[in-house]
Amino acid sequence: MPPHRYTAALAGRIESCWQDWWTEHGTFHAPNPVGPLAEADGSPGAELAKRPKLYAMDMFPYPSGAGLHVGHPLGYIATDCYTRFKRMAGFNVLHPMGFDAFGLPAEQYAVHTGQHPRKTTEENITRYRAQLRRLGLAYDDRRSFATIDPDYYRWTQWIFLQIFNSWYDSEQRKARPIAELEAEYASGARPVPDGRAWDQLTRVEQREIVDGHRLAYAAEVPVNWCPGLGTVLANEEVTPDGRSERGNFPVFRKSLKQWMMRITAYADRLADDLDGLDWPEPVRIMQRNWIGRSEGASIDFPTDAGSIRVFTTRPDTVFGATYLVLAPEHPLVDSLTGQAWPADTPLTWTGGHASPGEAVAAYRLQASMASEAERTSESREKSGVFVGAHAVNPVNGAKIPVFIADYVLAGYGTGAIMAVPGQDERDWEFAEVFDLPIVRTVRPPDGFDGKAYTGEGPAINSWAEGVSLDGLRVADAKRTIIDWLAANGHGEGAVTYRLRDWLFSRQRYWGEPFPIVFDETGLPVAVPEDMLPVELPEVDDFSPKTYDPDDEHTEPEPPLGRASEWVEVTLDLGDGPKKYRRETNTMPNWAGSCWYELRYLDPTNSDEVVSAENERYWMGPQSEGDPGGVDLYVGGVEHAVLHLLYARFWHKVLHDLGHISSSEPFRKLINQGMIQAYVFRDSRGFPAPAAEVVEQDGGYTWQGEPVTRELGKIGKSLKNVVTPDAMCAEYGADTFRVYEMSMGPLEVSRPWETRAVVGSYRFLQRVWRNVVDERTGECGVVDAPADEETLRLLHRVIDAVRGDMDSLRHNTAIAKLIELNNRLTQLPDVPREAAEPLVLMLSPFAPHVAEELWRRLGHSDTLAYEPYPVADPELLKGDTVVYPVQINGKVRGRIEVAADADNDTVQAAALADEKVAEFVGGRNPRKVIVVPGRMVSIVL
RNA sequence: GCCGGGAUGGUGGAAUAGGCUUACACGGACGCCUCAAAAGCGUCUGCCCGAAAGGGCAUGCGGGUUCGAGUCCCGCUCCCGGCACCA
């Protein structure tokens, strides 16, 4: 083998050498306008800060014990290639990376082994850093942090306090400091709910009212309490039969005091502002559906126990409301429930119970025992019971029965509906089961033979004294009836959301402590900013207290609850030293990732979360109507709703309070696809080690036994893990990067195929050979000018690759570089004027080998800031153009004509062509179409 | 069921604005180099008929619009992802 061939060993040496060089020279440090990361005037870096900026970010990883596999860095490499390109194209580029390091796996490991989660997590982070460094990612390493760093979570706590100390002013449509609310109450500008004067209330009463408006508030909410695990579970951790997925313990629906975030206050803005974002349409649709804004009306139905307010999206069908249904948990159910069944109550309505009270109690018990999954399972017969009372339909005075049924959800709308079986399928089903009247109020089209009709049509049967909707289309009917309801005091137009407030407490150790203490009244008090961070105390046992699995009447006690000298604290909060009790829940995993885009901007700032000037420079709005935000955010589609919605919410609160100029965190979002890998299974269905499977006669075998092949996720349990470390060892990091980028478009999921990596390796070897003599190691390029054909190809490639780079089409960019390189390979000598642009264009993808080649081409500095090649427009134009000639839709010939030939000339040339003439056979074409620069089409 | 995305050679993919289908790569075949192998290099490689020249057929299926459709329209099939009685 020639001594200077580009092998994996040589690649490895070059790579570590350049990684060191970049670190030593701080090559990828991005200067801030102000603060510790700013460059002094006149220094070389100061010029950078005057350039247009580009802020690109990846969704940061949770450092798991398994380390990175080849799927993880796909997005990181893509943003690295993009930002390296942008840096060469004249931008001041910020591309940071950090770690989302609080999380359950380290805590569970700690429960089992006693190993402190911080130790496990920090070791994992160290490993991740090494793996990422090996890939040559051009991060500004001064800006890296982990969410577990007290310097970081100090500011997570600070933001919590901002939210805690705010309320949402629905008139101004923004968050405002809670002190301004209190001032409104105190001045009388805002009336106290019960009509008393503010200063007649006790301090506790005042605080309770104010606390009820905070954007972060404590509330009793129903949760999945699992005494056997000592913790509250997410819905997805509960099996359909109401047991815990882990441990199979019983789970109880129980109301517990939890911290909540009032994200519903922002529902409108979170939905509306999606329009201004450059995000994939499916993600915007998912967020809109999640928020689930629906417009309709609230209508009050009077009863003896007070009126029942229902929410409906179809107020136009109110004349067809033949009964009401409340959720079993609805607060009015108790007072509504009659003493005895009214005369003539059908047996089916009573559930076979002697009195309404018994029927309601039995039905409620049945509903509460059913799990969420069971209750909402599809295609089960409608159930419910009559409460023994009636309501009055306000539009026509009709007396209609009131039921409870579990298909009505307490948490949505008002927890009560008017049932309109004629126009709603669920109501129709229910009406059939209970033999309730059905009135059509929208005329279905002729020939309609279905049950409920939910479509468009004229209103019918919708007339009463003083109001008629008959003949109106749905939209007009809605408007008319809402106006009438409002004018007559029966209701009003209303909007509801599917979105619910965000449950923000966890009974865990390994999370951010809340900066909250409770005083002797039991009400929460904010820990002052100058006492932040509230650090996690050391504990001996990381598990929550567990109980008898069947004892529903227990309360969670988080691990922090046992750190008694931490929990019981004496503080001077301005009124002398007093005893307080700390909040012992911790924040959820989302907290740290809700605002990290801001901290990268000013990671060392100890006075502010981020300085205004730095935030405005990197993330501020760029034009009228621009929300601002990160210029490019890349991550998996699995975060389409929760992470992205929570981060947007926090960002908007900080924006409202005047801390930041951008109103959205991420201006542009791209979801990268997943790298999948083949899973091979033996006859029993167990995964076989993918690396040991051999292909034979079109099938696959492992240890001689046939195995089946399917596509799946990469993971330990599927025995198909391939690590970037292995790829770097076998081919070098540059080859790995080029391969990942050439596999296909970033957004698309695709299977990993190790044997195809060699294609990228050969490509880099050929580039190397075009510049370096493999026998001597000397640079072999010549200074003689390139021939015209090479030059034209070069400039066509420059032009196309620039476009590809700008829109992250890395796969096609690489294909064009390969074409250019293949052309150079065929030349007797490689001209410098082609080799240098090729190396520059290659450098975003294969930065180490490109730096090395650049050095060997005689340059002394990094190419990271070399101007990216620009195509010469003169060389993009050819002298001649080849036109394909279609005859009746089939390509039958080709002609070459001058590039500036007019249509008549092209047409004449086409008809004169020998092959074309043969097909035309002397006939007179009916039509000849010339598309300039494209093709000729002849119709016979 | 609803919502979203997709289907192009043996494989991953390309075709950015309705204009030459299959760029680039993997795999495969043959050749060069070599005592040999590996590596490297070169040529060929959508399918069918044909000795060749050439012809026919091809972007999941069936229609349509158009001089011209992978791309637009209508109707299906299959695959992937998300949601779950939301009034």
Side-chain angles (χ1 to χ4, degrees), chain A residues 1-2 5 7 280-286 288-290 292-294 296 310-315 317 325 372-373 375-380 382 405-409 411-420 423-427 429-430 496-499 637-638 640-641 671 674 676 695 698 711 738-739 742-745 747-760 762-763 765-766 769 774 800 803-804 807 809 811-819 822 825-826 882-891 893-894 925-929 931 933-940:
Chain A
M1 176 173 331
R5 172 158 294 174
T7 60
E281 191 56 21
V283 176
R284 294 198 290 180
I285 290 170
M286 279 190 254
R288 260 190 219 104
N289 290 346
W290 188 262
R293 179 188 160 93
S294 51
V310 306
F311 174 76
T312 176
T313 55
R314 294 292 303 273
T317 64
V325 186
E372 190 118 320
R375 238 179 102 163
T376 57
S377 92
E378 157 191 12
S379 76
R380 75 194 236 277
K382 289 279 175 287
D406 61 8
Y407 82 96
V408 174
L409 308 176
Y412 184 76
T414 60
I417 61 157
M418 62 175 203
V420 189
Q423 275 81 228
D424 185 284
E425 279 154 22
R426 293 154 304 181
D427 295 345
E429 277 177 47
F430 191 88
T496 48
Y497 303 90
R498 206 190 80 114
L499 182 70
V637 72
E638 64 272 20
V641 177
N671 295 124
M674 203 174 24
Q676 299 158 304
E695 192 171 356
L711 211 48
V738 170
Y739 175 64
S742 60
M743 289 168 82
E747 295 88 341
V748 172
S749 293
R750 71 306 292 269
W752 177 264
E753 195 173 10
T754 297
R755 71 175 178 181
V757 178
V758 71
S760 303
R762 289 180 192 147
F763 166 51
Q765 279 185 334
R766 284 195 285 260
R769 201 157 33 229
E774 285 192 331
D804 286 344
S807 39
R809 289 190 302 264
N811 53 329
T812 52
I814 290 171
K816 281 156 199 155
L817 295 179
I818 292 174
E819 280 185 76
N822 288 350
T825 305
Q826 288 154 18
V882 175
Y883 281 81
V885 183
Q886 273 185 6
I887 298 170
N888 287 347
K890 284 194 197 312
V891 177
R894 266 164 239 283
R926 283 204 310 216
K927 205 189 232 181
V928 178
I929 296 153
V931 185
R934 286 288 192 180
M935 63 152 14
V936 181
S937 183
I938 298 171
V939 190
L940 291 179

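Below, chain A is the first sequence line, B the second, and so on; all start at residue 1. Because the structure is predicted, anything quoted here is derived from the model rather than measured.
When each of G415(A) and W290(A) is assigned the nucleotide of RNA chain B bearing its nearest heavy atom, the one mapping closer to the 5' terminus is W290(A). Nearest-nucleotide assignment on RNA chain B puts the 5′-proximal partner with I929(A), out of I929(A) and I417(A).
Going from atom CZ of R809(A) over to atom C1' of A23(B) covers 14 Å, rounded to whole Å. Taking atom CE of M286(A) as the reference point, atom P of A84(B) lies 13 Å away to the nearest angstrom. In this structure, D804(A) atom CG and A15(B) atom C1' are separated by 12 Å, rounded to whole Å. One interatomic measurement links the two molecules: CD of E429(A) to C1' of G1(B), which rounds to 12 Å at whole-angstrom precision. Rounding to whole angstrom units, CE of residue M743(A) and P of A25(B) are separated by 16 Å. Y883(A) places its OH atom 16 Å from the C1' atom of G68(B), with the value rounded to the nearest Å. Nucleotide A14(B) holds its P atom 10 Å from the CD atom of E747(A), rounded to whole Å.
V757(A) is listed as a side-chain neighbour of W752(A), based on a closest heavy-atom distance under 4.5 Å. Here the side chains of I417(A) and D427(A) are in contact, with some heavy-atom distance below 4.5 Å.
A donor-acceptor contact closer than 3.5 angstrom is absent between the side chains of R5(A) and T7(A).
Which of C3(B), G82(B), C85(B) sits closest to the side chain of I285(A) comes down to C3(B). The side chain of R498(A) has C83(B) as its nearest neighbour among A15(B), A87(B), C83(B). If you check C3(B), G13(B), U11(B) against the side chain of V748(A), the one that comes closest is G13(B). The S937(A) side chain lies nearest to C67(B) when the options are C24(B), C26(B), C67(B). Residue P745(A) places its side chain closer to G13(B) than to any other of G19(B), U11(B), G13(B). For A815(A), counting side-chain heavy atoms from C-beta on, the closest listed nucleotide (U16(B), G13(B), A23(B)) is A23(B). The side chain of I818(A) lies closest to C24(B), out of C57(B), C24(B), C85(B). Closest approach to the N811(A) side chain among G82(B), G13(B), A87(B) is made by G13(B) (side chain taken as heavy atoms from C-beta onward).
Remark: the separation of the P atoms in C35(B) and U21(B) is 48 Å, to the nearest Å. Taking the P atom of each, G5(B) and C73(B) are spaced 12 Å apart, rounded to whole Å. When the C1' atom is compared between C61(B) and C79(B), the two are found 15 Å apart, to the nearest whole Å. The gap from the C1' atom of A23(B) to that of G9(B) amounts to 14 Å, rounded to the nearest Å. One P atom belongs to U8(B), the other to G4(B), and the distance between them is 22 Å to the nearest Å. C30(B) sits 38 Å from C80(B) when the P atoms are compared, rounded to a whole Å. For the C1' atom pair drawn from C48(B) and A39(B), the interatomic distance equals 38 Å after rounding to whole Å. Of the C1' atoms belonging to A7(B) and C76(B), the separation is 14 Å, rounded to the nearest Å.
Across every non-hydrogen atom of N811(A) and G744(A), the tightest pair is ND2-C, 3.5 Å. Taking both residues in full, the closest heavy atoms of A813(A) and D804(A) are given as N-OD2, 3.3 Å, listed atom of the first, atom of the second, then distance. When every heavy atom of K382(A) is checked against every heavy atom of Y407(A), the shortest pair comes out as CD-CD2, 3.6 Å. Pairing each heavy atom of V928(A) with each of P925(A), the nearest pair is CG2-CB, 3.9 Å. When all heavy atoms of R934(A) and Y883(A) are compared, the pair lying nearest together is N-CE2, 3.8 Å. Closest heavy-atom contact between A405(A) and F430(A): CB-CE1, 3.7 Å.
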Discussion item. Each nucleotide in nucleotides 38-46 of chain B should get exactly one letter: B, S or -. Can you fill that in based on protein heavy atoms under 4.0 Å?
Written reply: -SSS-----

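In G9(B) the base sits syn relative to the sugar, since the glycosidic angle is no further than 90° from 0.
Contact check on E819(A) versus K816(A) returns no salt bridge, with no Lys/Arg side-chain nitrogen under 4.0 Å from an Asp/Glu carboxylate oxygen.
Across all strands, Q886(A) comes closer than 4.0 Å to base atoms (heavy-atom distances). In this structure, P2(A) reaches neither bases nor backbone, as no heavy-atom distance under 4.0 Å exists between it and the strands shown. M935(A) comes within 4.0 angstrom of a nucleotide base, judged by non-hydrogen atoms across all strands. Residue contacts for S749(A): at a heavy-atom cut-off of 4.0 Å it reaches the sugar-phosphate backbone alone, with no base atom in range.
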Worksheet entry | Strand RNA chain B as a dot-bracket string - pairs counted if Watson-Crick or G-U with both distances under 3.5 Å, | where the partner lies in another strand | (((((((..(((......[....)))((((((.......))))))((((....))))..(((((..]....))))))))))))....

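Within the structure, a side-chain polar atom (N or O) of S294(A) is placed less than 4.0 Å from OP1 or OP2 of A87(B). Checking the phosphate oxygens (OP1, OP2) of C24(B), no side-chain nitrogen or oxygen of N822(A) falls inside 4.0 Å.
Checked by distance alone, K816(A) brings no side-chain donor or acceptor within 3.5 Å of a matching partner on the base of C24(B).
Atom OH in Y412(A) sits 9.0 Å away from atom CZ in R498(A) (nearest 0.5 Å).
None of V325(A), D424(A), T317(A) except one satisfies the side-chain contact (heavy atoms from CB on, under 4.5 Å) rule with M418(A); the exception is T317(A).
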